Amino acid sequence: MHADVLRAINVQINSEFSAWYQYLAMAAFCDREKFTGAARWLKSQSAEEYQHGMKLFDFVNARNGAVELTRIETPTREFESFGEVFEAALRQEESVTSQINSLYELCFKNKAFAEMTELQWFLTEQVEEEKTAREIVAKFRLVGDDPGSLLDLDRELGSRTQP
Ligand SMILES: [Fe+2]
Ligand SMILES: [Fe+2]
């Protein structure tokens, strides 16, 4: 593997595991506040991020590169509202999208064709993840702090099927 590409993919592995940990912290917050449907949704999302990290982990090994795991920062654990949890989730997904875009560009410049193919899956996945997060954020903005509507939203989030 091209050295710069390998280094950048290792950074992305850290980002995916950081997302895993951040969603888990969000789930802990919602569980603690008994917003259990949202907690369930966030745990599923967390598990997906773990899978993303492992997908790149396995890819690097398949390409005979060295996986270098690094420190994961302490996630944000407190939020002002349930809506703010999902606003933060959307910001996180948008930032991951721009990281994947930069990584793809780096692979393109270095003619790292196998890596580009692998990353296409992530480009598609980010479109979906941003769309989902944006829809949830829109609903939170719509319901504001109406307790009945928030409980309905919690129920809806809880119906997400496990990945
Ligand atoms: Fe991800
Ligand atoms: Fe994500």
Side-chain angles (χ1 to χ4, degrees), residues 1 4-31 35-63 65-79 81-108 112 114-141 153-154 156-163:
M1 284 179 84
D4 291 345
V5 168
L6 174 61
R7 202 173 300 119
I9 291 179
N10 270 313
V11 169
Q12 192 60 41
I13 289 175
N14 180 274
S15 284
E16 299 295 342
F17 287 136
S18 296
W20 158 66
Y21 215 44
Q22 181 57 71
Y23 276 118
L24 202 56
M26 289 165 167
F29 171 82
C30 289
D31 253 336
F35 206 54
T36 53
R40 184 180 149 89
W41 190 96
L42 290 158
K43 280 181 222 169
S44 289
Q45 189 56 39
S46 173
E48 270 198 21
E49 299 299 351
Y50 175 77
Q51 294 301 332
H52 297 169
M54 288 309 296
K55 188 167 165 42
L56 288 175
F57 178 105
D58 291 337
F59 175 76
V60 168
N61 280 309
R63 296 280 293 137
V67 170
E68 285 182 359
L69 297 179
T70 52
R71 198 164 75 95
I72 296 173
E73 296 297 324
T74 303
T76 305
R77 293 173 298 208
E78 297 297 326
F79 301 88
S81 64
F82 299 123
E84 183 48 43
V85 169
F86 287 89
E87 297 273 356
L90 175 57
R91 287 195 297 271
Q92 175 172 287
E93 290 304 336
E94 286 170 342
S95 114
V96 168
T97 299
S98 63
Q99 285 167 4
I100 299 276
N101 287 344
S102 305
L103 184 51
Y104 194 83
E105 188 181 9
L106 181 75
C107 293
F108 180 79
E115 286 69 22
M116 285 167 69
T117 302
E118 177 70 12
L119 288 170
Q120 265 162 21
W121 184 91
F122 284 84
L123 289 172
T124 307
E125 178 70 8
Q126 280 312 117
V127 171
E128 194 55 41
E129 299 228 318
E130 270 194 42
K131 173 180 177 281
T132 307
R134 204 168 284 124
E135 283 170 0
I136 297 172
V137 161
K139 287 177 183 176
F140 271 101
R141 288 181 187 170
L153 196 43
D154 186 54
E156 185 187 327
L157 289 168
S159 68
R160 173 180 175 161
T161 48
Q162 301 296 317

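All ligand and atom numbering here is 1-based and tracks the order in the structure. Just so we're clear, the structure is a prediction, and the values are computed from it rather than from any experiment.
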K.L.:
When the ring planes of Phe79 and Phe29 are compared, do they come out parallel, tilted or perpendicular, using 30° and 60° as the limits?
P.N.:
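Aromatic pair Phe79/Phe29 classed perpendicular.
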K.L.:
Please calculate the OE1(Glu129)-the Fe ion (ligand 2)-OE2(Glu93) angle and round it to 10 degrees.
P.N.:
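Once rounded, the angle between the two atoms at the Fe ion (ligand 2) is 100°.
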K.L.:
Is there an N/O/S atom in Glu16 at a distance below 2.8 Å from the Fe ion (ligand 2)?
P.N.:
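So Glu16 does not count as coordinating the Fe ion (ligand 2).
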K.L.:
What I want to find out is whether Glu87 reaches Arg141 closely enough, with some N-O distance under 4.0 Å, to be called a salt bridge.
P.N.:
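The answer is yes: the pair qualifies as a salt bridge.
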K.L.:
Could you identify the N, O or S atom of His52 positioned closest to the Fe ion (ligand 1)?
P.N.:
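The nearest such atom is ND1.
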K.L.:
Please work out which of the three classes, parallel, tilted or perpendicular, describes the rings of Phe122 and His52, given edges at 30° and 60°.
P.N.:
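Perpendicular.
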K.L.:
Answer yes if the side chains of Glu93 and Gln126 hold a donor-acceptor pair under 3.5 Å, and no otherwise.
P.N.:
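Note: Glu93 and Gln126 side chains meet the donor-acceptor criterion.
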K.L.:
Is there a donor-acceptor contact under 3.5 Å linking the side chains of Glu73 and Ser18?
P.N.:
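No donor-acceptor contact under 3.5 Å links the two side chains.
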K.L.:
Taking N, O or S atoms only and a limit of 2.8 Å, check whether Glu48 reaches the Fe ion (ligand 2).
P.N.:
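No, Glu48 does not qualify, because none of its backbone or side-chain N, O or S atoms lies under 2.8 Å.
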K.L.:
Flag Glu49 as yes if one of its N/O/S atoms falls below 2.8 Å of the Fe ion (ligand 2), otherwise no.
P.N.:
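Coordinating: yes.
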